[in-house]
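Written out below as structure tokens is the structure these notes cover.
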Amino acid sequence: MPRLSYASAAILQSIASGSRYGFDVMAATGLPSGTVYPALRRMEKYEQIRGRWENERDAHRAGRPKRRYYEITATGTEVLESALERFHSLRGLDLRPLNPGPLDPIPSES
Amino acid sequence: MDVFGTWLRLVGVLVPSERRHEWREEWRAEMDCLRREDAGTFDRLRAAAGALPDAAWHFFDEWSFDTMWNDFTHALRALRRRVSITFLAVLVLGLGLGATMVVVSVLDTVLLRPLPFEEPERLAAVWEQNPAKGWHENVVAPANFFDWREQAESFDDMAIYGSWLADLIFEPAGGNAAAPRRISAVSIGPRFFEVLGMLPALGRSFTDDEMWQRAETAVVLSHEMWTGEFGADPGVLEQTVTVEGHPRRVVGVAAPGLDFPYRDIDLWMPFRWDVGAKEQVWFRRAHFLRVVGRLAPGATFDDARAELAAIAGRLSEQYPETNTDMGTGLTPLHEWVVGDSRQPLALVASAVSLLLLVACANVASLMLLRAGARAREMAVRSALGAARRRLVRLVVMEGLLLATAASLFGFLFARLVLGAMRHLPLDVPRLDQAALDPRTLAVGLGVTLVATLAFSLAPALLGSRVDLRASLHAGASRHTGSRRTVHARRALVVAEVALAVLLVVAAGLFVRSLVGLYRVDPGFDTEGVLTVRVNVPGARYQEEPQVEALYDRIVEGARVIPGVEHVGQSRTLPLGGGTWTSDFSLFGSDAYGFETQHLEIDEGYSDAIGLRLLAGRHVQASDRADGESVALVSRELVRQVLPAAESPSEILGHRLCSSKQCTEEDNPMTIVGVVEDTRFDGLSQGPRPMIYHPIRQRTQWDRDIFLRAASSEPEALAALVEPMRRVVSDVDPGLPLMMVRTLDEVIEKSLARERFLTALLAGFGGLALVLALVGTYGVLATTVQVRRRELGIRAALGAGRGQLETWVVRQGLALLALGAVLGLGLALLAGRFIESQLFAVGGRDPLTYAVAVAVLVATGLVAAWLPARAASRVDPVAVLRAD
């Protein structure tokens, strides 16, 4: 079971609480992009989170480029649980996204 | 301009090409989102900054161990292929780096590191001042100290210490057969170690009882002496040692590494005064103590200053005779200890930074040269399918290897230099503690890495937009890539030359300053004079006549040593700072406010050191204690009290006193002679008034004996040492000879700091000049290669070899001229800042500047020599045919 650092645990917790985009995680946790993004890549590599592209057509209809969003996986949930046992304070923190996007991101075709 | 888009494109270079597109899309989408949410520019910038670590993650993620090893071997091969450039780059960067690490380490240790005491920020040096007399940071009178200590509430406690006592006769075990040896000591007051915050390792500090002679005299050993002579035996306490013939009880051992107030103290002794001294005038009039105080909790330095000023005001009302106009001041102790070294160190640090910049410019130029020469190789690799990223990775790996090698070299160099510095006789505090600690190493390694990567990457990134067609085209010369880089390299050379000129001018100014110092006429002869210090123990010689008789016998014996022409005695050596200062005034005159130094001399002194008589007579053997009080004065003294006098002889017959007013009660002395001024305090100081007293009228227990030899050869002087030792031991076997030096050595020692600074700057200037020379040569050589066609055409059209050579030289001189103009401009600006360190030469001395320019022109000619020859040998047929 890989050990998460405090920052990574907070990021994972934020995603588990509903943050989808990289910048959401930044806003929720207060961590800078230089910390968040490399952590996201690492967690994606170890399959603790899953990264997907938004549906392009929906994004274009909304007049913006498609964004990449992240979800926690089963592996990620396990890892997060063990991390929360070490970092008690994280359990209580509200790391939900400040501006929730569309309620149900439509999975892309990829 | 789409800043963020450009940034992403730039940084995206690091992302593997297969992921790059998606990566860019993701970031673009997020940045766009921020824009829509009207996030502030600063927030957007901060968010965008994260793209770099993200791209770097991708970059390193791609590097599996296999690819890294592959890149490593490739890089090694590439570096080996152009060994000379690699070697040069490592050398230059390593030297620049090593020098920087040394200076950083010294600066950190000497200036930045806090003193090793408890809560050192609460310590201060307290001193007296008298603006009316120009006294500043002056030594303190004991009575004033005791009043401060009692009355000042902003201080927890204060302690006193005296001047450094050298060459005390010491025997470890009282009365045993152990041979006496000389040690250094300092007198301190009670609770000195407590106030300082560095408690003794063993035993205790001195107490008030020991100071007021209510208890037997005690001593505290230094830690080094305890481990050295006494084998760290805890039973050393209560043992007896002999100091200057007196037995003393050991009551403590100081903490290790205590180098305040002086380095290499062997023994700590207490001040001892008679209880009745507190009532006597001299206790408040004689200034000779240094005071260190510890602030009370919550008090600030400003509080303390104000309170001390108030106390001083009260004292000047209570004791008008001694304390009028006497004020106080304090300096935080850290500032007190290091303050004097700050300017020279800042100077050295600046010089090293300049040298490092020159080295960096040189390395950058070398890297550009490599990049230019490899443009074709890169084109071929690219044509064969190597991703641009792979090329970048190769370059980065090469850069890392170079950086590692340069760091290693620089580290070794720094260690060498720091080790050598420990043996230098410089009075910079804590210099011997400068070492390469992990912090300095980390800084050094970090700087090297950043510098090398920047120099490797920049040309790679800029130039690796490989224009395949242009590079591989049949008609393209080998040097197409070089052409583009030559401009950048020319700019670098101009920068190098400018900085080198700055350093050379600085070095030149210091050289002139040093030469000026050496030319100063000290007022006495320095050649062919040997000096010998004799300290007579007060325990065995308690009366003046005994001391006089002893020295008479020594001088008699010295006179008959073969090769000795004259023998003289005085209380202290020139340039040793051992004279004492007082007011003086003429008998019957109202004029006041004069200050003079004093020195006791015998009848042989003037002949021994060549003190020139201007009027009246020298000190004579007949000037004894029972006779009339007489004195000689220096020319400057006459100038100050009799400004209208046409000849120094006008002062003869006047009487003067060493106090503010001169009446019969003040023990006036009759002036019987006037001598030439001497630079007794330092060669760079102007002449000051001096009163010479016959030593028989003011007996001194410790004296310097001067032997003037018939020949000034060093061997002749060295040959006098043994006979002199025998003379002294014949007179009294228990009296060792101390401090045997020639006057030449004394002068040299007083100039040690100036000599060191000058040598250092000259070294830096020389190095910078060599680097600039190499850089210029490199650019000129490439220029000749790149413009071969033009040269060939010129030759074909009839230009002779001389004209071709001149063409090259002109190219070189153009670069140098631009660099020189910049450099001289910088030097004019910087000159003001170093003026304070110079003697008798201003920061804009035209001679130095002219010499610097001449040196630069010579350098340019040397640098252009080989390329000029290559240019003159261009074969027009070969060049034109290769088209």
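Bear in mind the structure is a predicted one, so any value in this text is a computation, not a measurement.
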For B:R36 and A:R64, what are the C-alpha separation, side-chain angles and deciding distance, and is it a side chain to side chain contact (heavy atoms under 4.5 Å, CB included)? CA-CA 9 Å; B:R36 283 156 182 286; A:R64 55 178 171 82; 3.4 Å; yes
Could you tell me if the side chain of B:E30 sits less than 4.5 Å from the side chain of A:Y37, heavy atoms only? yes
Between B:W23 and A:R68, is there a side-chain heavy-atom distance shorter than 4.5 Å? no
Let me confirm one number: the CZ-CZ distance from A:F23 to B:R44, rounded to the nearest 0.5 Å. 10.5 Å
If the condition is salt bridge (Lys or Arg N to Asp or Glu O under 4.0 Å), which residues does B:R77 pass it with, not counting sequence neighbours? none
Contacting region of B:D32 [heavy-atom separation from chain A under 4.5 Å]: side chain
Output the distance between atom CG (B:D43) and atom CE (A:M26), rounded to the nearest 0.5 Å. 8.5 Å
Under 4.5 Å, heavy atom to heavy atom: which of residues 40-48 of chain A reach chain B? Give them by number, or say none. A:R41, A:R42, A:K45
In the structure I gave you, are the side-chain heavy atoms of A:P32 and B:R46 within less than 4.5 Å of one another anywhere? no
Where is the tightest heavy-atom contact between A:P65 and B:A29, given as atom of each residue plus distance? CG-CA, 4.0 Å
Can you name the nearest heavy-atom pair linking B:E26 to A:W53, along with the distance? N-CH2, 3.5 Å
Chain A contact via B:L34 - side chain, backbone, both or neither, heavy atoms under 4.5 Å: side chain
Please report the shortest heavy-atom distance between B:A49 and A:S33, naming the atom on each side. C-OG, 4.4 Å
